[in-house]
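Numbering starts at 1 and runs along the sequence shown. Counting convention: from 1, in listed order, for ligands and their atoms alike. Note that the coordinates shown come from a computational prediction; the quantities given were computed from them, not determined experimentally.
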Amino acid sequence: MEKNVPKKILITGGAGFIGSHVVRRFVAKYSNYKICNLDALTYAGNLENLKDIEQEPNYTFVKGDITEQDFVNNLFAQNLFDGVIHLAAESHVDRSITDPLSFVKTNVLGTVNLLNASLELAKSNPNFLFYHISTDEVYGSLGKDGFFTEKTAYNPNSPYSASKASSDHFVRAYGETYGLPYIISNCSNNYGPNQFPEKLIPLFINNIIQNKPLPVYGDGNYTRDWLYVKDHARAIDLIFHKGQKRETYNVGGFNEWKNIELTKLLCRLMDKKLDREEGTSEKLITFVKDRPGHDLRYAIDASKINQELGWEPSVTFEEGLKKTIYWYFDNQEWLNHVTSGDYLEYYKKQYQA
Ligand code: NAD
Ligand code: TYD
């Protein structure tokens with residue numbers, strides 16, 4: 001065990017998709033740490049994601065909202081965390097288009113509340129670290145060529161990415177202005193178990209299971225760089241422990257897919273899994289009206305984290321997609337549970353066309 005490593009760690013948003021994988025990894029790997037998971041349990045947060053570790057002695061869960069300043073300050077004062085890994089956020093672009101203010105509240109105000117509380121702890125703890133988890137969407141859209149590097153200028157196009165860009169700027173500003181030790185990482189699109197079925201891959205898996213249309217936005221020629229969520233959790237672990245303070249790391253899958261090609265691959269894998277004749281699921285593809293402000297292409301140049309920290313993705317896309325499909329099949333109860341309630345209302349409104 002290294003000297004001076006933080007022992008009491010706050011992970012925000014740990015009941016969500018990526019956060020649950022980060023919490024599980026840290027709880028399993030660092031039995032000498034105390035891991036506190038702070039989550040408001042919005043529609044996207046679900047404690048079923050952490051059922052297997054909830055009894056572990058190094059794990060606690062606190063239900064609470066990062067937008068509530070007094071609550072955040074009290075939690076920090078009571079627990080004297082050595083580090084924060086901040087994932088709590090509103091994370092879905094389509095929701096940000098219909099309700100931008102919720103994104104400002106959670107992603108900007110919530111982050112600044114955490115920064116203020118962190119400053120207090122950092123005053124008496126030189127090893128304190130605020131690690132902010134962000135997205136490649138802050139860089140805006142690429143054309144057909146090129147990659148996002150850590151030096152690419154921010155140019156967010158959606159209310160979601162604007163709110164994440166703003167939170168990144170606040171984190172950096174707290175480093176410059178008040179000397180808060182921080183790291184930021186910007187990652188490409190994640191997929192895998194526990195992802196709420198409103199994002200492309202789990203939505204389409206769920207719809208294929210239920211024989212519902214697959215709403216492909218526009219012409220489907222939009223490109224994303226996909227990374228298996230456990231590879232992201234491994235990158236977060238590495239960056240938290242070995243990353244340089246005041247630095248940014250881009251994390252990506254070296255794995256670009258046009259939405260339409262990805263959808264067809266998913267359809268083929270699902271036909272096999274469901275024992276359906278090849279081509280059956282593809283018939284569900286329905287081109288629908290485009291997302292406003294839709295970014296054409298994201299692609300990460302992850303050579304900095306590769307060269308400095310030795311990280312690279314370990315799960316191939318086909319392998320990761322198969323694992324993901326199997327997980328959703330084995331967890332139909334989870335799917336039924338998370339898709340009851342307001343999700344259905346939202347979904348109906350969004351895709352009436
Ligand atoms: P998610 O929507 O699955 O989970 C977000 C979690 O935050 C939920 O558990 C939710 O309950 C919690 N939360 C929301 N508002 C809160 C509040 N006010 N107070 C406390 N908790 C609150 O999101 P995700 O996909 O797991 O993303 C996690 C982080 O990673 C986000 O910051 C996101 O911007 C970033 N990110 C996501 C991706 C991706 O592909 N999903 C890629 C790069 C970066
Ligand atoms: P999404 O999973 O929402 O992630 P992000 O917008 O953060 O990249 O969308 C991934 C891509 O898939 C994006 O180009 C939008 C597209 N998309 C569809 O075509 N249909 C859908 O129903 C969804 C949810 C997304």
Have a look at ligand 2 and work out which part of [X], if any, has a heavy atom under 4.0 Å from it: side chain, backbone, both or neither.
X: Leu203; value: side chain
X: Tyr222; value: side chain
X: Arg224; value: side chain

Hey, would you say the [X] and [Y] ring centroids sit under 6.0 Å apart?
X: His241; Y: Phe26; result: yes
X: Tyr191; Y: Tyr228; result: yes
X: Phe81; Y: Phe76; result: yes
X: Tyr154; Y: His169; result: yes

### Any residue meeting side-chain contact (heavy atoms from CB on, under 4.5 Å) with Gln307, in chain and number order, not counting sequence neighbours
Ser303
What residue and atom, counting heavy atoms only, is the protein's closest point to [atom], and at what distance?
atom: atom 23 (O) of ligand 1; result: Ser91 OG, 3.3 Å
atom: atom 36 (N) of ligand 1; result: Ile18 CD1, 3.9 Å
atom: atom 21 (N) of ligand 1; result: Ala40 N, 3.1 Å
atom: atom 40 (O) of ligand 1; result: Asn190 N, 2.8 Å
atom: atom 5 (C) of ligand 1; result: Ala89 O, 3.4 Å

### Task
Run the numbers for me: atoms of ligand 1, each under 4.0 Å from some heavy atom of Lys164, listed by number.
31 (C), 32 (O), 33 (C), 34 (O)
### Query
Any idea which atoms of ligand 1 are less than 4.0 Å away from a heavy-atom of Ser134?
43 (C), 44 (C)
### Query
Below 3.5 angstrom, do we get any N/O pair linking Thr67 and ligand 1?
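No, since none of the N or O atoms of Thr67 sits under 3.5 Å from an N or O of ligand 1.
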#### Entry: Listed partners of Ser161 passing side chain to side chain donor-acceptor pair (under 3.5 Å), at least two apart
Ser158
### Message
Under 4.0 Å, counting heavy atoms only: does Tyr43 come that close to any atom of ligand 1?
### Response
no
### Query
Can Glu176 and Arg246 be counted as an ion pair, charged N to O under 4.0 angstrom?
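Looking at Arg246 together with Glu176, the answer is yes, because their closest N to O distance falls below 4.0 Å.
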### Message
So for ligand 2, is Trp226 a polar contact partner (N or O within less than 3.5 Å, distance only)?
### Response
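No, there is no polar N/O contact under 3.5 Å.
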### Task
Have a look at ligand 1 and work out which part of Leu41, if any, has a heavy atom under 4.0 Å from it: side chain, backbone, both or neither.
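Only the backbone of Leu41 comes within reach of ligand 1.
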### Query
Relative to atom 17 (C) of ligand 1, which among Val62, Asp39, Asp65 owns the nearest non-hydrogen atom?
Asp65
#### Entry: Nearest candidate to atom 42 (C) of ligand 1, where distance is taken over non-hydrogen atoms, out of Ser188, Gly45, Gly192
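The nearest heavy atom belongs to Ser188.
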### Query
So is Tyr160 in contact with ligand 2, going by heavy-atom distances below 4.0 Å?
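No; Tyr160 lies far enough from ligand 2 that no heavy-atom distance drops under 4.0 Å.
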